[in-house]
Amino acid sequence: MTFQSLLVGLVDRCCRNGWRVVLAGGVLAAFAGWYAAGHLGISTDTDLMFAESLPWRQRAMTFRDDFPQYRDLLVAVIDAREPEEADATAGALADALAQDPAHFLTVRRPDALPFLRQEGLLFLDPPELEKVLDRTIDAQPFIGELAKDPDARGCSPLWACWEPGLSRARPILRRTFPH
């Protein structure tokens with residue numbers, strides 16, 4: 001008996017007992033659904049992906065136990081066209097989350113810490129820091145005049161030399177305020 005004749009016999013038997021085959025298929029599908037609902041699932045917890053016996057997992061668990069403040073963190077990264085817009089959005093988000101202590105125990109904005117406000121340039125990449133410093137050095141004459149007298153009277157010497165110095169300052173301004 002060949003495979004083809006076995007296959008033909010199976011199809012013939014299924015055709016003669018159609019309702020029984022459909023009923024058996026339905027029962028089998030229902031059992032599979034019941035089993036899948038009780039035994040299969042999806043977990044988004046990345047800690048469950050790897051065995052706890054792995055050395056690096058044991059170190060991670062020790063770290064988690066030693067530093068409980070880093071558990072259950074939610075980090076929001078806000079991207080905006082202007083830094084002021086991102087700052088305002090982050091402030092509004094932090095205020096809104098702080099109003100919900102049932103879901104958020106603490107709300108922190110590390111970017112708003114006084115140290116980072118004062119010393120934030122320390123965290124720039126060296127090439128980016130170099131660009132900022134170059135632009136600041138190029139704008140130093142203007143900044144110096146404004147620092148001497150920061151009100152409208154202090155701006156008047158800048159306006160007086162604006163037109164004659166514009167042709168000389170144009171390359172500096174382009175580097176300082178690129179489009």
Kindly say whether P83 contributes a backbone atom to a donor-acceptor pair with the side chain of D87 at under 3.5 angstrom?
no
Side chains of [X] and [Y]: closer than 4.5 Å at any heavy-atom pair?
X   : Y   : answer
C15 : V11 : yes
R59 : P55 : yes
M61 : E52 : yes
T89 : E84 : no
R20 : L23 : no

Using a cut-off of 6.0 Å, state whether more than 12 heavy atoms not belonging to [X] lie near its atom [atom1].
X    : atom1 : result
E119 : CD    : yes
R64  : CZ    : yes
R109 : CZ    : yes
D79  : CG    : no
D66  : CG    : yes
R57  : CZ    : yes

Tell me whether the rings of W34 and F31 are parallel (<30°), tilted (30 to 60°) or perpendicular (>60°).
tilted
Over all heavy atoms of both residues, which pair between [X] and [Y] is shortest? Give the atoms and the distance, please.
X    : Y    : result
S43  : L48  : OG-CD1, 3.4 Å
A80  : A86  : CB-N, 3.6 Å
P101 : L105 : O-CD2, 4.2 Å

Could you list the residues that satisfy side chain to side chain contact (heavy atoms under 4.5 Å, CB included) with L93, not counting sequence neighbours?
A76, I78, L97
Could you tell me the separation between the [atom1] atom of [X] and the [atom2] atom of [Y], rounded to the nearest 0.5 Å?
X    : Y    : atom1 : atom2 : value
R135 : I137 : CZ    : CD1   : 12.0 Å
F67  : T62  : CZ    : OG1   : 11.0 Å
E130 : D125 : CD    : CG    : 12.0 Å

Establish whether L133 and L124 are linked, either directly or via other cluster members, by ILVMFWY side-chain heavy-atom contacts under 4.5 Å.
yes
